[in-house]
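The structure under discussion appears below in the form of structure tokens.
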There are 2 protein chains.
Amino acid sequence: MREPHHPSCAELELSDVLHALSDPARLEIARRLSSAPGEEWACSAFDLGLSKATLSHHFRVLREAGVVKTRVAGRKRLQSLRREDLDTCFPGLLDAVLNGYAGHRHAA
Amino acid sequence: MREPHHPSCAELELSDVLHALSDPARLEIARRLSSAPGEEWACSAFDLGLSKATLSHHFRVLREAGVVKTRVAGRKRLQSLRREDLDTCFPGLLDAVLNGYAGHRHAA
DNA sequence: GCGACCCTTCGATGGTTCTCAAACCGAACG
DNA sequence: CGTTCGGTTTGAGAACCATCGAAGGGTCGC
């Protein structure tokens, strides 16, 4: 299967990134991806209590916002954080978001 | 008129803050508020090409997310950024968002 | 009081989003 | 080949959101 489209650095929009991360499920995905830098995760590795269709939707939102890179490997899609690109375009944003979340997790 | 409700620091949710800032109009409001720290702006000072009903809606979203404080002064509502609270709860977030925006403004 | 002023709320509308089950599709495995 | 395995796409429903005009509600100036 063809690689899905990824926006270039210059195409990244702050609004899109913020919107992508404003959903709790997607925030959690980003948080997990960031916990193992450089590593790649299959979609099925995320057990968030959502159907695979919904999960696929969230990954698309993250990908189109430029938060996540999807690599096709056999019949799997391997996801990784686009940390360098994000740090370049929006310095400090990712750290602030991931820190804020970890240190500010409510019982919910 | 009664002061509107403002969430306490402990009640701030990262998702809500990100969602509030993910709308271009609200991002612009936050950007303008940050440009004059400590100052207070009347709602009517924001000419974004939106109706006052819409503007009022955006201010409510920002207020309920904890981004903005609304003070009633006579027949005006004076808005200010809750920078200290945000910096305490989500260190670096506001700076990253506002920097990212200023340094990443597309012709649009 | 009366109007002007500033903003909020209401009601409506059109668009977007989240969610799922079902169908689909390419890759791998037998 | 046929099947299974990972994900995507589609179709649909419910919920949410941005937006506006119109109506409402305090407050100030006269």
Side-chain angles (χ1 to χ4, degrees), chain A residues 1-7 13-30 32-33 39-80 108, chain B residues 1-7 13-30 32-33 39-80 108:
Chain A
M1 203 182 204
R2 208 167 55 271
E3 291 282 330
H5 173 254
H6 291 81
E13 282 285 350
L14 179 55
S15 297
D16 295 339
V17 175
L18 293 177
H19 171 248
L21 294 173
S22 71
D23 182 280
R26 293 193 291 258
L27 192 48
E28 175 67 16
I29 289 172
R32 292 197 193 180
L33 286 178
E39 219 165 292
E40 293 173 310
W41 298 58
C43 296
S44 51
F46 295 87
D47 189 4
L48 301 175
L50 298 173
S51 75
K52 49 182 186 162
T54 304
L55 211 50
S56 183
H57 157 70
H58 283 316
F59 275 116
R60 179 163 49 156
V61 174
L62 287 168
R63 188 189 326 120
E64 290 177 347
V67 176
V68 147
K69 192 182 68 175
T70 302
R71 190 169 67 86
V72 177
R75 53 187 161 179
K76 293 186 178 179
R77 310 289 187 281
L78 298 180
Q79 319 282 342
S80 56
Chain B
M1 203 183 203
R2 207 167 56 271
E3 292 283 330
H5 172 254
H6 291 82
E13 282 286 350
L14 180 55
S15 297
D16 296 338
V17 175
L18 294 177
H19 171 248
L21 294 174
S22 71
D23 182 279
R26 294 193 290 259
L27 192 49
E28 175 66 17
I29 289 173
R32 292 197 192 180
L33 286 177
E39 220 166 292
E40 294 174 311
W41 298 58
C43 296
S44 51
F46 295 86
D47 188 4
L48 302 175
L50 297 173
S51 75
K52 46 185 186 155
T54 304
L55 210 50
S56 186
H57 157 70
H58 284 316
F59 276 115
R60 181 165 47 157
V61 173
L62 286 168
R63 189 190 324 120
E64 290 177 348
V67 176
V68 146
K69 192 182 69 175
T70 301
R71 189 168 68 85
V72 177
R75 55 185 158 178
K76 293 186 177 178
R77 310 289 186 282
L78 297 180
Q79 318 283 342
S80 57

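Every chain is numbered from 1, with letters handed out A, B, ... down the list of sequences.
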Name the nucleic acid region contacted by R71(A), choosing base, sugar-phosphate or nothing; use a 4.0 angstrom heavy-atom cut-off, strictly under. nothing
Phosphate contact (dC5(D) OP1 or OP2) by S44(A) side-chain N/O below 4.0 Å: no
Below 4.0 Å: OP1/OP2 of dT19(C) and any side-chain N or O of S51(A): no
Using a 4.0 Å heavy-atom cut-off across all strands, classify L50(A) as base, sugar-phosphate, or nothing. sugar-phosphate
Under 4.0 Å from OP1 or OP2 of dT8(C): is there any side-chain N or O of R63(B) that close? yes
Check whether any side-chain N or O of H58(B) sits under 4.0 Å from OP1 or OP2 of dT19(D), and answer yes or no. yes
Measure from the side chain of K76(A), starting at C-beta and using heavy atoms only, and say which of dC20(C), dA23(D), dG6(D) lies closest. dG6(D)
Any base atoms under 4.0 Å from A42(A), or only sugar-phosphate, or nothing? Heavy atoms, all strands. sugar-phosphate
Hey, does the side chain of R26(A) reach the backbone of A20(A) with a donor-acceptor pair shorter than 3.5 angstrom? yes
With a 4.0 Å limit, can you tell me whether S56(A) has a side-chain N or O closer than that to the phosphate oxygens OP1/OP2 of dG7(D)? no
Side-chain N or O of R60(A) versus OP1/OP2 of dG7(D): is the shortest distance under 4.0 Å? no
Any R75(B) side-chain N or O less than 4.0 Å from OP1/OP2 of dA4(C): no
